[in-house]
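Hydrogens, waters and symmetry mates are skipped; everything else that's a heavy atom, side chains included, is used.
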Amino acid sequence: MPRLSHTVVRIASLLLLLVRCGSDADAPPPGRVHEITRMLALTGRPSTVVLLVVDDAPEAASLRAEMVTVLRQSLARELERWEAGWWRPVDWSIVVAFPSAEGSARWYGPADDIALRLVASDVDDDAIAATFDALASVTPPGSATSHYRPLATARDGIDLLRAVRPPADERERALLASLPVLDDEDGVALVIASERDDASEGAVESYALPEDPPWVQATVIFASDDDSCLAPTPGQGDRLAAWGGGNWSASRFGYPCGLAKLTVDGVLPHCCDSGPVILCASQPLARRESGAAACEVVVRSREVDVPCDATRGWSDADPLFGEDFAGRYRRCAMASVPDEDLATCTHDPLCPGCASGHCPDERPASIDHCRYRGGHPTLRFVGGAVAGFGGALEIRCRLEP
């Protein structure tokens, strides 16, 4: 299955690929023969690897459990950014690091439990639950805690993930093989959660994060009393707080007093705005007698062996297969929403209960958005009608003259 590329959704639009005349049984009256074809390339969000460097002392069990909750809520928060009716692509891997262990025994990731790699074109609750059940079951290896090095472990883990250093043994090679290869568009979410201070041998500044891509978002969580929830003054014996203050991309939270804010802020890299997709044209859409748009929409699916999904409002297009620079694809025709959903889909920003498909877009925000650009809104997609890795939408609509 192809790996997701950079999003939080990025949609590249190649406008006006084809302008031609045409007629069919549903054509507008004579003289209204404008037709526009648009191709929307559908790409997903980037791959994200979460490196969770967590306190592995027996008395830190509550902190470890809280981190499972925070990570799960952070993912849920990211998924909520996607517009209703669009796919929710995820390529999300979790590597747990134990700072008291030595060598490759520090790492526990998808090579140890495949459920720690969550990859889906449209993720569901069962898949999410399986990943976080697997994370909750991870336990420290029982190493001695006299050599507690969260900062050294964090920096070494980042260097391993970003190929700054090669894997030291077969266990590290297996870890890298189970993870996506990070490129400039991908990210690492580094989370250091500890109720103890760091005892790494080097100076705090020697563990600073690299600034070159693929970029790293860091969160450091340290013990803090419930009254202040502030980090100790750097230089006063708290190396973790000093490290967090010295890295421009690091966020700092006291524990347990900062948990509520941490849950709201999240720990995943934010790269894109995945708000509503609004398509504009130079003229208003022509309509059929029912009020549906005089449009044909075809989904290009890269999963060529997967039949067109009727639950998404898809059916086999003619021809069924095609090929472009990215390879072979299956063509699935997307239906208009049923007549009973048409008015809601056309006007309601949320379209509650709408079946899958497309409809004319007359949401107030879309009208304002397109008017600002000197145009008119065209289509929206609801009910899960848009899905797939690396696919595309072919949109052909008649416009009023």
Side-chain angles (χ1 to χ4, degrees), residues 1 3-4 44-82 87-101 104-143 150 153-154 157 161 171-172 174-180 186-195 217 219 221 253 255-256 259-260 262-269 384 387 389:
M1 181 177 291
R3 186 173 61 82
L4 294 174
R45 60 184 51 195
S47 299
T48 297
V49 176
V50 178
L51 178 61
L52 174 60
V53 182
V54 66
D55 196 329
D56 47 13
E59 56 270 24
S62 295
L63 173 63
R64 292 193 293 272
E66 294 280 12
M67 290 305 101
V68 176
T69 300
V70 165
L71 287 171
R72 183 166 187 166
Q73 291 175 337
S74 295
L75 177 59
R77 176 176 173 271
E78 288 302 294
L79 294 176
E80 289 172 355
R81 294 172 177 265
W82 297 94
W87 55 319
R88 301 191 304 169
V90 169
D91 185 349
W92 212 56
S93 307
I94 304 174
V95 178
V96 184
F98 299 111
S100 298
S104 60
R106 293 171 293 173
W107 322 120
Y108 190 96
D112 304 291
D113 189 337
I114 194 172
L116 293 177
R117 176 100 188 263
L118 180 58
V119 181
S121 61
D122 190 9
V123 70
D124 58 34
D125 292 341
D126 289 343
I128 293 172
T131 292
F132 287 97
D133 286 348
L135 179 59
S137 70
V138 177
T139 57
S143 304
T153 299
L161 295 175
R171 182 172 174 76
E172 290 192 344
L175 173 65
L176 292 183
S178 71
L179 299 172
D186 300 319
V188 176
L190 169 63
V191 182
I192 303 176
S194 178
E195 294 188 276
Q217 173 175 305
T219 302
I221 301 160
F253 298 89
Y255 175 81
L259 275 176
L262 175 61
T263 299
V264 171
D265 288 1
V267 296
L268 292 184
F389 281 112

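Contact between Pro110 and Val95 at its shortest, heavy atoms only, is CD-CG2, 4.3 Å. Here the shortest heavy-atom pairing between Ala97 and Leu51 reads CB-CD1, 4.1 Å. Between Ala105 and Pro141, the shortest heavy-atom distance links the atoms O-CG, 4.3 Å. Here the closest heavy-atom approach between residue Val68 and residue Ala136 is recorded as CG2-CA, 4.0 Å. Counting all heavy atoms, side chain and backbone alike, Pro99 lies closest to Thr153 at CA-OG1, 3.6 Å.
Taken from CD in Glu66 to CG in Leu63, the straight-line distance is 7.5 Å, to the nearest 0.5 Å. Separating the CG atom in Leu71 from the OG1 atom in Thr263 is a distance of 10.0 Å, to the nearest 0.5 Å. For the atom pair CG of Leu135 and CG of Leu118, the computed distance is 11.5 Å after rounding to the nearest 0.5 Å. How far CZ of Arg64 is from CG of Asp56: 7.0 Å, rounded to the nearest 0.5 Å. From Asp55, atom CG reaches atom CD1 of Ile221 across 11.5 Å, with rounding to the nearest 0.5 Å. Residue Thr219 holds its OG1 atom at 7.5 Å from CG of Leu190, rounded to the nearest 0.5 Å.
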Extract all donor-acceptor atom pairs below 3.5 Å that involve side chains of residues 123-134 and protein atoms in other chains or at least two apart in sequence.
residue: Asp124; atom: OD1; partner: Asp126; partner atom: N; Å: 3.3
residue: Asp124; atom: OD1; partner: Ala127; partner atom: N; Å: 2.8
residue: Thr131; atom: OG1; partner: Ala115; partner atom: O; Å: 2.9
residue: Thr131; atom: OG1; partner: Ala127; partner atom: O; Å: 3.4

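With sequence neighbours excluded, no residue forms a side-chain hydrogen bond (donor to acceptor under 3.5 Å, both in side chains) with Glu195. Partners of Ser93 under the side-chain hydrogen bond (donor to acceptor under 3.5 Å, both in side chains) rule, at least two apart in sequence or in another chain, are Arg117. Shown here are the side-chain hydrogen bond (donor to acceptor under 3.5 Å, both in side chains) partners of Ser74, two or more places apart in sequence or in another chain: there are none.
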Stepwise side chain to side chain contact (heavy atoms under 4.5 Å, CB included) test for Val50 and Val267: CA-CA 9 Å; Val50 178; Val267 296; 5.6 Å; no
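Each side chain to side chain donor-acceptor pair (under 3.5 Å) pair with one or both residues in residues 104-115, not counting sequence neighbours, appears once here: Ser104-Asp169, Arg106-Asp156, Trp107-Glu172, Asp112-Arg171.
The shortest distance between side-chain heavy atoms of Val70 and Met67 falls below 4.5 Å.
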